[in-house]
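Chain A is the first sequence line, chain B the second, and so forth, proteins listed ahead of strands; every chain is numbered from 1. Just so it is clear, the values below take in all heavy atoms, side chains as well, and ignore hydrogens, waters and symmetry mates.
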Amino acid sequence: MKNLEIAKILFEIADLLELQGVRFKPRAYQMAARTVENLSEDIEEIYKRGELTELPGIGESIAQKIEELIKTGKLKYYNDLKKKLPMDVEQLGKIPGMGPKRIKLLYEKLKVKTLSDLKKAAQQHKIRELRGLGEKIEADVLKGIKSAKKGGRFLLGYIMPLAEEIKTELGKLKEVSAVEIAGSYRRRKEMVGDIDILAVSSQPSRVMEHFVHMKVVADVLAKGSTRSSVRLHNGLQIDLRVVASKEFGSALQYFTGNKEHNVELRKIALAHGYTLNEYGLFTLNKKWVAGRTEEEIYKKLGVVCVSPEMRENTGELALKKVPSLIGYGDAQGDFQTHTTWSDGNDSIEAMATKAQSLGWKFITITDHVGQVRITNPLNEKRLEKQAAEIKKLNKRLDIRIFHGAEVDILKNGTLALSKEWQKKLDVVLASVHLATKMGEKEMTQRICTAMENRVHILGHPTGRQLEKREAYAMNLDKVFECARRNDVHLDIDCHPERMDLGGEQVKAAKGCTFVLSTDAHGVDGLHFLSLGEAIARRGWLSAKDVLNTYSVKEIEKVLGGK
DNA sequence: GCCGTTTTCGGCCCGACTGTTTTCAGTCG
(Lines give C-alpha, C1' and ligand atoms only; values in the text may rest on other atoms or scores of the structure.)
Protein backbone atom coordinates (compact mmCIF):
# COMPACT_ATOMS: atom_id res chain seq x y z
CA MET A 1 0.00 0.00 0.00
CA LYS A 2 1.26 3.45 -0.87
CA ASN A 3 2.12 6.19 1.62
CA LEU A 4 -0.62 8.51 0.44
CA GLU A 5 -3.31 5.84 0.69
CA ILE A 6 -2.28 5.03 4.25
CA ALA A 7 -2.11 8.72 5.15
CA LYS A 8 -5.61 9.23 3.79
CA ILE A 9 -7.03 6.45 5.95
CA LEU A 10 -5.30 7.85 9.04
CA PHE A 11 -6.74 11.29 8.28
CA GLU A 12 -10.20 9.76 7.93
CA ILE A 13 -9.85 7.94 11.24
CA ALA A 14 -8.97 11.28 12.83
CA ASP A 15 -12.14 12.81 11.35
CA LEU A 16 -14.32 9.93 12.51
CA LEU A 17 -12.91 10.06 16.04
CA GLU A 18 -13.45 13.79 16.16
CA LEU A 19 -17.05 13.22 15.12
CA GLN A 20 -17.52 11.01 18.16
CA GLY A 21 -16.20 13.73 20.38
CA VAL A 22 -13.14 11.70 21.32
CA ARG A 23 -10.51 14.00 22.77
CA PHE A 24 -6.83 14.12 21.76
CA LYS A 25 -6.81 10.95 19.69
CA PRO A 26 -7.83 12.81 16.52
CA ARG A 27 -4.74 14.98 16.77
CA ALA A 28 -2.55 11.94 17.30
CA TYR A 29 -3.93 10.35 14.12
CA GLN A 30 -3.55 13.61 12.20
CA MET A 31 0.05 13.89 13.25
CA ALA A 32 0.77 10.32 12.23
CA ALA A 33 -1.03 10.87 8.91
CA ARG A 34 1.02 13.95 8.17
CA THR A 35 4.23 12.10 8.95
CA VAL A 36 3.30 9.32 6.53
CA GLU A 37 2.19 11.80 3.89
CA ASN A 38 5.52 13.61 3.93
CA LEU A 39 7.82 10.57 3.87
CA SER A 40 10.23 10.58 0.97
CA GLU A 41 10.72 6.84 1.33
CA ASP A 42 8.25 4.03 0.71
CA ILE A 43 6.67 3.23 4.10
CA GLU A 44 6.79 -0.50 3.35
CA GLU A 45 10.59 -0.29 3.39
CA ILE A 46 10.52 1.39 6.79
CA TYR A 47 8.11 -1.26 8.03
CA LYS A 48 10.38 -4.05 6.77
CA ARG A 49 13.26 -2.61 8.77
CA GLY A 50 11.00 -2.51 11.86
CA GLU A 51 11.44 1.24 12.21
CA LEU A 52 7.82 2.45 12.08
CA THR A 53 7.72 3.50 15.73
CA GLU A 54 10.79 5.65 15.24
CA LEU A 55 8.77 7.99 13.03
CA PRO A 56 7.45 11.08 14.81
CA GLY A 57 3.85 10.69 15.95
CA ILE A 58 3.76 6.93 15.34
CA GLY A 59 3.71 4.72 18.41
CA GLU A 60 2.87 1.08 19.05
CA SER A 61 -0.83 1.33 18.32
CA ILE A 62 -0.69 3.22 15.02
CA ALA A 63 2.30 1.17 13.90
CA GLN A 64 0.19 -1.98 14.32
CA LYS A 65 -2.58 -0.44 12.24
CA ILE A 66 -0.12 0.48 9.49
CA GLU A 67 1.21 -3.07 9.60
CA GLU A 68 -2.31 -4.45 9.12
CA LEU A 69 -2.83 -2.12 6.16
CA ILE A 70 0.43 -3.12 4.52
CA LYS A 71 -0.16 -6.84 5.05
CA THR A 72 -3.88 -7.11 4.24
CA GLY A 73 -4.75 -3.84 2.52
CA LYS A 74 -7.56 -3.45 5.08
CA LEU A 75 -8.01 -2.19 8.61
CA LYS A 76 -10.72 -3.58 10.88
CA TYR A 77 -10.60 -0.63 13.27
CA TYR A 78 -11.23 1.76 10.39
CA ASN A 79 -14.01 -0.31 8.84
CA ASP A 80 -15.81 -0.58 12.20
CA LEU A 81 -15.63 3.19 12.63
CA LYS A 82 -17.05 3.74 9.18
CA LYS A 83 -19.89 1.34 9.83
CA LYS A 84 -20.84 3.29 12.90
CA LEU A 85 -20.55 6.67 11.15
CA PRO A 86 -21.30 6.11 7.48
CA MET A 87 -21.32 9.75 6.39
CA ASP A 88 -19.00 11.38 3.90
CA VAL A 89 -17.07 13.45 6.42
CA GLU A 90 -14.49 14.60 3.88
CA GLN A 91 -17.05 16.21 1.57
CA LEU A 92 -19.42 17.46 4.27
CA GLY A 93 -16.53 18.98 6.19
CA LYS A 94 -15.64 21.15 3.22
CA ILE A 95 -18.87 23.13 3.56
CA PRO A 96 -18.13 26.30 5.55
CA GLY A 97 -19.79 26.12 8.94
CA MET A 98 -19.90 22.34 8.93
CA GLY A 99 -17.71 20.96 11.67
CA PRO A 100 -17.75 17.59 13.42
CA LYS A 101 -20.50 18.50 15.88
CA ARG A 102 -22.97 19.66 13.25
CA ILE A 103 -22.19 16.80 10.90
CA LYS A 104 -22.95 14.36 13.70
CA LEU A 105 -26.11 16.20 14.71
CA LEU A 106 -27.38 16.24 11.13
CA TYR A 107 -26.74 12.53 10.77
CA GLU A 108 -28.47 11.61 14.01
CA LYS A 109 -31.52 13.80 13.52
CA LEU A 110 -31.92 13.90 9.74
CA LYS A 111 -29.86 10.93 8.50
CA VAL A 112 -27.67 13.25 6.41
CA LYS A 113 -24.81 11.20 4.97
CA THR A 114 -23.79 12.91 1.75
CA LEU A 115 -23.67 16.36 0.20
CA SER A 116 -26.90 15.71 -1.67
CA ASP A 117 -28.64 14.63 1.57
CA LEU A 118 -27.47 17.89 3.08
CA LYS A 119 -28.76 19.90 0.16
CA LYS A 120 -32.15 18.20 0.35
CA ALA A 121 -32.42 18.80 4.09
CA ALA A 122 -31.63 22.48 3.60
CA GLN A 123 -34.06 22.89 0.72
CA GLN A 124 -36.85 21.27 2.72
CA HIS A 125 -36.08 23.67 5.62
CA LYS A 126 -35.41 20.84 8.03
CA ILE A 127 -32.13 22.23 9.28
CA ARG A 128 -33.68 25.31 10.87
CA GLU A 129 -35.85 23.07 13.06
CA LEU A 130 -32.83 21.64 14.89
CA ARG A 131 -31.77 23.13 18.20
CA GLY A 132 -28.74 25.34 17.84
CA LEU A 133 -29.19 25.79 14.08
CA GLY A 134 -31.33 28.33 12.30
CA GLU A 135 -32.33 29.95 9.04
CA LYS A 136 -29.00 31.63 8.49
CA ILE A 137 -27.03 28.42 8.80
CA GLU A 138 -29.50 26.68 6.49
CA ALA A 139 -28.99 29.38 3.87
CA ASP A 140 -25.20 29.28 4.33
CA VAL A 141 -25.23 25.53 3.71
CA LEU A 142 -26.88 25.97 0.32
CA LYS A 143 -24.47 28.76 -0.56
CA GLY A 144 -21.57 26.63 0.60
CA ILE A 145 -22.56 23.65 -1.52
CA LYS A 146 -22.70 25.90 -4.56
CA SER A 147 -19.27 27.45 -4.05
CA ALA A 148 -17.67 24.18 -2.92
CA LYS A 149 -18.15 22.93 -6.47
CA LYS A 150 -16.15 25.83 -7.84
CA GLY A 151 -13.00 24.45 -6.23
CA GLY A 152 -11.15 26.38 -3.64
CA ARG A 153 -7.41 26.54 -4.28
CA PHE A 154 -5.46 29.06 -6.30
CA LEU A 155 -2.13 28.92 -8.08
CA LEU A 156 0.42 31.14 -6.39
CA GLY A 157 1.88 32.54 -9.60
CA TYR A 158 -1.48 33.67 -10.91
CA ILE A 159 -2.82 35.40 -7.80
CA MET A 160 0.41 37.17 -6.84
CA PRO A 161 -0.32 40.39 -8.76
CA LEU A 162 -3.82 40.67 -7.26
CA ALA A 163 -2.55 39.98 -3.73
CA GLU A 164 0.22 42.56 -4.04
CA GLU A 165 -2.24 45.09 -5.44
CA ILE A 166 -4.52 44.72 -2.42
CA LYS A 167 -1.54 44.97 -0.11
CA THR A 168 -0.48 48.19 -1.80
CA GLU A 169 -3.97 49.63 -1.62
CA LEU A 170 -4.20 48.97 2.13
CA GLY A 171 -0.67 50.25 2.65
CA LYS A 172 -1.65 53.60 1.16
CA LEU A 173 -4.33 54.27 3.79
CA LYS A 174 -3.22 56.96 6.19
CA GLU A 175 -4.56 54.91 9.12
CA VAL A 176 -2.23 52.00 8.25
CA SER A 177 1.41 52.13 9.33
CA ALA A 178 2.49 48.66 8.21
CA VAL A 179 1.00 45.89 6.11
CA GLU A 180 2.20 42.41 5.23
CA ILE A 181 0.74 39.31 3.62
CA ALA A 182 1.10 36.29 5.91
CA GLY A 183 -0.16 32.71 5.60
CA SER A 184 0.76 30.15 2.98
CA TYR A 185 1.29 33.00 0.52
CA ARG A 186 4.22 34.26 2.58
CA ARG A 187 5.56 30.72 2.81
CA ARG A 188 5.22 30.63 -1.00
CA LYS A 189 3.23 27.43 -1.17
CA GLU A 190 2.55 26.38 -4.77
CA MET A 191 -1.18 26.60 -4.13
CA VAL A 192 -2.93 28.79 -1.59
CA GLY A 193 -6.46 28.48 -0.24
CA ASP A 194 -6.80 32.10 0.83
CA ILE A 195 -4.78 35.24 1.52
CA ASP A 196 -4.10 36.45 5.05
CA ILE A 197 -3.23 40.11 5.34
CA LEU A 198 -1.95 41.79 8.48
CA ALA A 199 -2.06 45.52 9.06
CA VAL A 200 -0.93 47.78 11.87
CA SER A 201 -3.32 50.55 12.78
CA SER A 202 -4.63 52.41 15.79
CA GLN A 203 -7.96 52.88 14.01
CA PRO A 204 -8.95 49.34 13.08
CA SER A 205 -12.61 50.04 12.35
CA ARG A 206 -11.75 52.58 9.63
CA VAL A 207 -9.37 50.11 8.01
CA MET A 208 -12.03 47.39 8.09
CA GLU A 209 -14.56 49.77 6.62
CA HIS A 210 -12.28 50.47 3.68
CA PHE A 211 -11.34 46.81 3.28
CA VAL A 212 -14.87 45.44 2.90
CA HIS A 213 -15.72 48.15 0.38
CA MET A 214 -12.81 47.57 -2.00
CA LYS A 215 -13.79 47.25 -5.67
CA VAL A 216 -12.53 43.68 -5.92
CA VAL A 217 -14.80 42.48 -3.10
CA ALA A 218 -17.86 40.43 -4.07
CA ASP A 219 -19.02 39.20 -0.68
CA VAL A 220 -18.38 40.09 2.97
CA LEU A 221 -18.11 36.88 4.98
CA ALA A 222 -17.34 38.39 8.38
CA LYS A 223 -16.61 41.82 9.72
CA GLY A 224 -15.25 42.60 13.16
CA SER A 225 -12.96 45.17 14.70
CA THR A 226 -9.82 43.04 14.49
CA ARG A 227 -10.71 40.48 11.83
CA SER A 228 -12.70 40.58 8.61
CA SER A 229 -13.08 38.19 5.70
CA VAL A 230 -14.20 38.88 2.16
CA ARG A 231 -14.55 36.89 -1.01
CA LEU A 232 -13.38 38.41 -4.28
CA HIS A 233 -15.13 38.07 -7.61
CA ASN A 234 -12.75 35.30 -8.63
CA GLY A 235 -13.67 33.29 -5.52
CA LEU A 236 -10.49 34.04 -3.60
CA GLN A 237 -11.00 34.66 0.11
CA ILE A 238 -9.03 37.42 1.81
CA ASP A 239 -8.75 37.71 5.58
CA LEU A 240 -7.57 40.96 7.10
CA ARG A 241 -6.35 41.31 10.66
CA VAL A 242 -5.56 44.63 12.25
CA VAL A 243 -3.14 44.66 15.18
CA ALA A 244 -1.19 47.16 17.28
CA SER A 245 2.42 47.75 16.33
CA LYS A 246 3.58 46.07 19.53
CA GLU A 247 1.88 42.89 18.28
CA PHE A 248 2.99 42.98 14.67
CA GLY A 249 5.82 40.43 14.99
CA SER A 250 3.84 37.94 17.01
CA ALA A 251 0.82 38.28 14.74
CA LEU A 252 2.98 37.90 11.63
CA GLN A 253 4.59 34.80 13.12
CA TYR A 254 1.26 33.38 14.16
CA PHE A 255 -0.56 33.97 10.88
CA THR A 256 2.34 32.84 8.73
CA GLY A 257 2.33 29.35 10.24
CA ASN A 258 2.25 26.72 9.13
CA LYS A 259 -0.02 25.28 11.74
CA GLU A 260 2.32 22.47 12.78
CA HIS A 261 5.25 24.88 13.04
CA ASN A 262 3.17 27.09 15.34
CA VAL A 263 1.97 24.24 17.52
CA GLU A 264 5.58 23.16 17.94
CA LEU A 265 6.72 26.69 18.73
CA ARG A 266 4.01 27.10 21.34
CA LYS A 267 5.09 23.89 22.99
CA ILE A 268 8.64 25.20 23.09
CA ALA A 269 7.30 28.41 24.62
CA LEU A 270 5.49 26.46 27.35
CA ALA A 271 8.64 24.47 28.08
CA HIS A 272 10.44 27.76 28.66
CA GLY A 273 7.74 29.07 30.96
CA TYR A 274 6.01 31.32 28.42
CA THR A 275 2.79 31.33 26.49
CA LEU A 276 2.69 32.48 22.88
CA ASN A 277 -0.27 33.86 20.97
CA GLU A 278 -0.85 36.41 18.23
CA TYR A 279 -0.52 39.25 20.75
CA GLY A 280 2.94 38.37 21.91
CA LEU A 281 5.11 36.19 24.05
CA PHE A 282 4.00 36.31 27.69
CA THR A 283 5.19 34.93 30.99
CA LEU A 284 2.75 32.58 32.69
CA ASN A 285 1.44 35.48 34.78
CA LYS A 286 0.60 37.38 31.58
CA LYS A 287 3.52 39.76 31.46
CA TRP A 288 4.40 40.81 27.89
CA VAL A 289 7.94 39.80 26.93
CA ALA A 290 8.26 40.14 23.14
CA GLY A 291 6.20 40.61 19.97
CA ARG A 292 7.34 43.60 17.95
CA THR A 293 9.31 41.44 15.55
CA GLU A 294 9.41 37.75 14.75
CA GLU A 295 13.13 37.64 15.41
CA GLU A 296 12.86 38.70 19.06
CA ILE A 297 10.29 35.99 19.75
CA TYR A 298 12.39 33.19 18.28
CA LYS A 299 15.45 34.57 20.06
CA LYS A 300 13.74 34.55 23.46
CA LEU A 301 12.77 30.93 22.85
CA GLY A 302 16.29 29.93 21.86
CA VAL A 303 15.20 28.82 18.38
CA VAL A 304 16.53 30.03 15.03
CA CYS A 305 14.22 32.35 13.10
CA VAL A 306 14.14 30.74 9.67
CA SER A 307 12.59 32.24 6.53
CA PRO A 308 8.84 31.76 6.12
CA GLU A 309 9.41 29.35 3.21
CA MET A 310 11.01 26.87 5.63
CA ARG A 311 8.32 26.91 8.32
CA GLU A 312 6.71 23.53 7.85
CA ASN A 313 7.82 21.78 11.05
CA THR A 314 10.09 19.48 9.10
CA GLY A 315 13.19 19.93 11.21
CA GLU A 316 13.73 23.70 10.94
CA LEU A 317 13.06 24.30 14.64
CA ALA A 318 15.89 21.96 15.60
CA LEU A 319 18.49 23.82 13.50
CA LYS A 320 21.42 25.36 15.33
CA LYS A 321 21.88 28.21 12.87
CA VAL A 322 19.91 29.79 10.06
CA PRO A 323 20.90 28.23 6.75
CA SER A 324 21.90 30.66 4.03
CA LEU A 325 19.22 30.27 1.38
CA ILE A 326 19.29 31.34 -2.25
CA GLY A 327 17.95 34.89 -2.34
CA TYR A 328 15.29 36.47 -4.53
CA GLY A 329 17.13 37.95 -7.48
CA ASP A 330 20.14 35.62 -7.15
CA ALA A 331 19.28 33.77 -10.37
CA GLN A 332 21.06 35.42 -13.29
CA GLY A 333 19.12 33.81 -16.11
CA ASP A 334 16.93 31.01 -17.36
CA PHE A 335 17.54 27.42 -18.49
CA GLN A 336 14.35 26.69 -20.42
CA THR A 337 12.44 28.88 -22.87
CA HIS A 338 10.52 28.27 -26.06
CA THR A 339 10.28 30.47 -29.16
CA THR A 340 8.42 30.62 -32.47
CA TRP A 341 10.89 27.99 -33.74
CA SER A 342 8.71 25.40 -31.96
CA ASP A 343 5.59 26.18 -29.91
CA GLY A 344 6.47 29.57 -28.42
CA ASN A 345 4.89 32.91 -29.24
CA ASP A 346 7.94 35.15 -29.51
CA SER A 347 11.22 35.19 -31.45
CA ILE A 348 14.61 34.37 -29.97
CA GLU A 349 15.55 38.03 -30.23
CA ALA A 350 12.39 39.15 -28.40
CA MET A 351 13.00 36.65 -25.61
CA ALA A 352 16.66 37.60 -25.27
CA THR A 353 15.89 41.32 -25.28
CA LYS A 354 13.24 40.89 -22.61
CA ALA A 355 15.68 38.80 -20.53
CA GLN A 356 18.23 41.56 -20.86
CA SER A 357 15.72 44.14 -19.66
CA LEU A 358 15.15 41.97 -16.58
CA GLY A 359 18.84 42.35 -15.82
CA TRP A 360 19.71 38.75 -16.63
CA LYS A 361 23.14 37.63 -17.77
CA PHE A 362 21.98 34.66 -19.86
CA ILE A 363 19.00 32.90 -21.38
CA THR A 364 18.70 29.41 -22.78
CA ILE A 365 16.63 28.69 -25.86
CA THR A 366 15.28 25.15 -25.57
CA ASP A 367 12.79 24.58 -28.34
CA HIS A 368 11.23 21.15 -28.60
CA VAL A 369 12.98 18.27 -30.33
CA GLY A 370 11.17 14.95 -30.58
CA GLN A 371 7.90 13.32 -31.45
CA VAL A 372 5.13 15.34 -29.90
CA ARG A 373 3.50 16.90 -32.93
CA ILE A 374 1.64 19.66 -31.12
CA THR A 375 4.93 21.17 -29.95
CA ASN A 376 6.11 21.67 -33.56
CA PRO A 377 9.45 19.99 -32.85
CA LEU A 378 12.69 20.87 -34.63
CA ASN A 379 14.66 18.40 -36.71
CA GLU A 380 18.44 18.58 -37.02
CA LYS A 381 18.32 20.67 -40.16
CA ARG A 382 16.32 23.36 -38.40
CA LEU A 383 18.54 23.06 -35.33
CA GLU A 384 21.47 23.95 -37.61
CA LYS A 385 19.68 27.08 -38.84
CA GLN A 386 18.68 28.02 -35.32
CA ALA A 387 22.30 27.68 -34.21
CA ALA A 388 23.34 30.17 -36.89
CA GLU A 389 20.71 32.68 -35.75
CA ILE A 390 21.77 32.37 -32.12
CA LYS A 391 25.40 32.85 -33.10
CA LYS A 392 24.54 36.11 -34.84
CA LEU A 393 22.45 37.36 -31.93
CA ASN A 394 25.19 36.51 -29.46
CA LYS A 395 27.48 38.89 -31.34
CA ARG A 396 24.93 41.65 -31.44
CA LEU A 397 23.25 41.48 -28.00
CA ASP A 398 24.74 42.06 -24.60
CA ILE A 399 23.40 38.85 -23.08
CA ARG A 400 24.67 35.29 -23.43
CA ILE A 401 22.21 33.09 -25.32
CA PHE A 402 22.77 29.38 -24.78
CA HIS A 403 21.60 27.12 -27.54
CA GLY A 404 19.72 24.22 -26.02
CA ALA A 405 16.84 21.92 -26.79
CA GLU A 406 14.11 20.24 -24.80
CA VAL A 407 14.46 16.70 -26.05
CA ASP A 408 11.77 14.05 -25.66
CA ILE A 409 12.73 11.01 -23.65
CA LEU A 410 11.36 8.16 -25.74
CA LYS A 411 9.54 5.14 -24.38
CA ASN A 412 12.68 3.04 -24.00
CA GLY A 413 14.73 5.82 -22.42
CA THR A 414 16.67 6.86 -25.51
CA LEU A 415 16.70 10.52 -26.54
CA ALA A 416 15.02 11.84 -29.67
CA LEU A 417 18.31 13.44 -30.74
CA SER A 418 21.50 12.04 -32.25
CA LYS A 419 24.67 11.70 -30.17
CA GLU A 420 26.32 14.17 -32.53
CA TRP A 421 23.78 16.89 -31.77
CA GLN A 422 23.76 16.10 -28.05
CA LYS A 423 27.40 17.13 -28.14
CA LYS A 424 26.89 20.21 -30.29
CA LEU A 425 24.28 21.90 -28.07
CA ASP A 426 25.19 24.06 -25.09
CA VAL A 427 22.34 22.63 -23.06
CA VAL A 428 20.54 19.30 -23.41
CA LEU A 429 17.35 19.29 -21.40
CA ALA A 430 15.56 15.95 -21.44
CA SER A 431 11.88 15.61 -20.53
CA VAL A 432 9.09 13.05 -20.65
CA HIS A 433 6.20 14.20 -22.83
CA LEU A 434 4.86 10.99 -24.33
CA ALA A 435 3.92 7.55 -23.01
CA THR A 436 3.25 9.15 -19.63
CA LYS A 437 1.05 6.42 -18.17
CA MET A 438 3.79 3.84 -17.59
CA GLY A 439 4.15 1.81 -14.42
CA GLU A 440 6.51 3.00 -11.72
CA LYS A 441 9.33 0.56 -12.35
CA GLU A 442 9.35 1.09 -16.11
CA MET A 443 9.19 4.88 -15.85
CA THR A 444 11.99 5.01 -13.29
CA GLN A 445 14.17 2.85 -15.50
CA ARG A 446 13.30 4.92 -18.56
CA ILE A 447 14.28 8.21 -16.94
CA CYS A 448 17.47 6.78 -15.49
CA THR A 449 18.47 5.39 -18.89
CA ALA A 450 17.96 8.83 -20.42
CA MET A 451 20.23 10.45 -17.85
CA GLU A 452 23.13 8.22 -18.91
CA ASN A 453 23.34 10.34 -22.10
CA ARG A 454 24.92 13.77 -22.41
CA VAL A 455 22.02 15.33 -20.52
CA HIS A 456 22.53 18.49 -18.50
CA ILE A 457 19.04 18.84 -17.09
CA LEU A 458 16.10 16.57 -16.33
CA GLY A 459 13.14 18.81 -17.25
CA HIS A 460 10.01 19.08 -15.04
CA PRO A 461 10.97 15.76 -13.40
CA THR A 462 7.61 14.57 -12.04
CA GLY A 463 5.42 15.85 -14.89
CA ARG A 464 2.74 17.03 -12.49
CA GLN A 465 0.39 19.82 -13.45
CA LEU A 466 -1.26 21.42 -10.47
CA GLU A 467 -5.01 20.75 -10.25
CA LYS A 468 -4.81 19.02 -13.62
CA ARG A 469 -2.51 16.05 -13.83
CA GLU A 470 -0.88 13.77 -11.30
CA ALA A 471 2.87 13.20 -11.33
CA TYR A 472 4.15 10.31 -13.43
CA ALA A 473 4.53 7.10 -11.46
CA MET A 474 8.21 6.84 -10.56
CA ASN A 475 10.59 6.16 -7.70
CA LEU A 476 11.90 9.64 -7.02
CA ASP A 477 14.65 8.48 -4.66
CA LYS A 478 16.12 6.33 -7.42
CA VAL A 479 15.85 9.15 -9.93
CA PHE A 480 17.62 11.53 -7.55
CA GLU A 481 20.35 9.00 -6.90
CA CYS A 482 20.85 8.52 -10.65
CA ALA A 483 20.97 12.28 -11.22
CA ARG A 484 23.71 12.62 -8.62
CA ARG A 485 25.71 9.79 -10.16
CA ASN A 486 25.50 11.24 -13.67
CA ASP A 487 25.89 14.93 -12.78
CA VAL A 488 22.47 15.75 -14.15
CA HIS A 489 20.85 18.93 -12.82
CA LEU A 490 17.26 18.61 -11.67
CA ASP A 491 14.90 21.18 -13.12
CA ILE A 492 12.73 23.41 -10.98
CA ASP A 493 10.16 24.38 -13.58
CA CYS A 494 8.74 27.74 -12.47
CA HIS A 495 5.60 27.69 -14.57
CA PRO A 496 2.74 28.44 -12.14
CA GLU A 497 0.88 25.33 -13.25
CA ARG A 498 3.91 23.07 -12.87
CA MET A 499 6.19 24.18 -10.04
CA ASP A 500 8.00 20.92 -10.66
CA LEU A 501 9.96 19.78 -8.66
CA GLY A 502 8.03 21.11 -5.68
CA GLY A 503 9.56 22.31 -2.43
CA GLU A 504 9.22 19.05 -0.48
CA GLN A 505 10.79 17.09 -3.33
CA VAL A 506 13.69 19.49 -3.66
CA LYS A 507 14.30 19.07 0.05
CA ALA A 508 14.23 15.29 -0.36
CA ALA A 509 16.75 15.43 -3.25
CA LYS A 510 19.67 16.05 -0.91
CA GLY A 511 23.03 16.39 -2.59
CA CYS A 512 21.61 16.95 -6.08
CA THR A 513 22.27 20.07 -8.15
CA PHE A 514 19.47 22.16 -9.61
CA VAL A 515 18.53 24.67 -12.29
CA LEU A 516 15.58 27.06 -12.40
CA SER A 517 13.66 27.39 -15.62
CA THR A 518 10.58 29.40 -16.53
CA ASP A 519 9.47 27.11 -19.38
CA ALA A 520 8.25 30.41 -20.87
CA HIS A 521 6.47 30.23 -24.20
CA GLY A 522 6.57 34.00 -24.61
CA VAL A 523 8.15 37.11 -23.08
CA ASP A 524 5.39 37.34 -20.46
CA GLY A 525 6.39 34.00 -18.97
CA LEU A 526 9.92 35.06 -18.03
CA HIS A 527 9.01 36.93 -14.86
CA PHE A 528 8.00 33.68 -13.14
CA LEU A 529 11.66 32.92 -12.44
CA SER A 530 11.24 34.16 -8.87
CA LEU A 531 8.70 31.38 -8.23
CA GLY A 532 11.57 28.96 -8.78
CA GLU A 533 13.67 30.81 -6.24
CA ALA A 534 10.75 30.41 -3.83
CA ILE A 535 10.63 26.65 -4.41
CA ALA A 536 14.39 26.42 -3.97
CA ARG A 537 14.05 28.22 -0.65
CA ARG A 538 11.26 25.86 0.39
CA GLY A 539 13.70 23.06 -0.44
CA TRP A 540 16.38 24.63 1.79
CA LEU A 541 18.75 25.26 -1.16
CA SER A 542 21.60 27.73 -1.05
CA ALA A 543 22.81 29.72 -4.05
CA LYS A 544 25.62 27.27 -4.69
CA ASP A 545 23.12 24.43 -5.23
CA VAL A 546 21.49 26.31 -8.11
CA LEU A 547 23.39 26.77 -11.37
CA ASN A 548 21.46 29.93 -12.33
CA THR A 549 23.33 31.87 -9.64
CA TYR A 550 26.75 31.21 -11.18
CA SER A 551 28.54 33.57 -13.56
CA VAL A 552 28.24 32.89 -17.29
CA LYS A 553 31.85 31.74 -17.32
CA GLU A 554 31.30 29.26 -14.52
CA ILE A 555 28.12 27.99 -16.18
CA GLU A 556 29.97 27.44 -19.45
CA LYS A 557 32.57 25.46 -17.56
CA VAL A 558 29.98 23.25 -15.87
CA LEU A 559 28.03 22.65 -19.09
CA GLY A 560 31.17 22.02 -21.14
CA GLY A 561 32.38 19.50 -18.59
CA LYS A 562 29.86 16.93 -19.77
C1' DG B 1 -2.81 7.75 21.01
C1' DC B 2 1.68 10.01 21.62
C1' DC B 3 5.30 11.96 24.23
C1' DG B 4 9.11 13.52 27.82
C1' DT B 5 14.45 20.48 29.30
C1' DT B 6 7.77 19.19 34.01
C1' DT B 7 6.57 14.01 33.37
C1' DT B 8 6.68 6.58 32.00
C1' DC B 9 1.53 9.51 33.94
C1' DG B 10 -0.86 13.32 32.83
C1' DG B 11 -0.87 16.50 29.82
C1' DC B 12 -2.17 17.70 24.85
C1' DC B 13 -2.42 25.82 21.33
C1' DC B 14 -5.51 29.63 21.61
C1' DG B 15 -8.48 33.70 20.48
C1' DA B 16 -12.16 36.04 17.25
C1' DC B 17 -16.46 35.87 15.11
C1' DT B 18 -21.17 34.11 14.18
C1' DG B 19 -25.56 32.50 15.04
C1' DT B 20 -28.48 31.15 18.24
C1' DT B 21 -29.00 32.12 22.33
C1' DT B 22 -30.13 35.04 26.93
C1' DT B 23 -24.66 33.13 28.50
C1' DC B 24 -22.67 30.04 25.01
C1' DA B 25 -21.44 26.35 21.58
C1' DG B 26 -19.43 25.66 17.32
C1' DT B 27 -16.39 26.82 13.72
C1' DC B 28 -12.31 28.71 11.88
C1' DG B 29 -7.71 29.79 11.26
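Straight-line distance from the CG atom of A/N258 to the P atom of B/dC28: 19 Å, rounded to whole Å. We find that CG of A/L133 is positioned 9 Å from P of B/dT27, with the value rounded to whole Å. Atom pair A/I66:CD1 and B/dG1:C1' shows a separation of 12 Å (rounding to whole Å applied). What separates CD1 of A/I137 from C1' of B/dG26 is a distance of 8 Å, to the nearest Å.
Looking at heavy-atom distances under 4.0 Å, A/K65 makes contact with sugar-phosphate atoms alone, never a base. Backbone-only contact: A/M98 has heavy atoms under 4.0 Å from sugar-phosphate atoms and none from a base. Across all strands shown, A/K25 has heavy atoms under 4.0 Å from base atoms, whether or not it also approaches the sugar-phosphate.
Of all nucleotides listed (B/dG26, B/dC17, B/dG1), B/dG26 comes nearest to the side chain of A/K101. You'll find that the side chain of A/K136 is closest to B/dT20, out of B/dC13, B/dA16, B/dT20.
Taking only side-chain nitrogens and oxygens, A/Y279 comes nearer than 4.0 Å to OP1 or OP2 of B/dA16.
Taking the six-membered ring where tryptophan is involved, the planes of A/F528 and A/H495 are tilted, since the angle between them lies from 30° to 60°.
Between A/Y29 and A/G132, the residue anchored closer to the 5' end of DNA chain B is A/Y29, taking for each the nucleotide with the nearest heavy atom.
At a cut-off of 3.5 angstrom, counting only N and O atoms as typed in the model, there is a donor on one side and an acceptor on the other between the side-chain of A/Y254 and the base of B/dG29.
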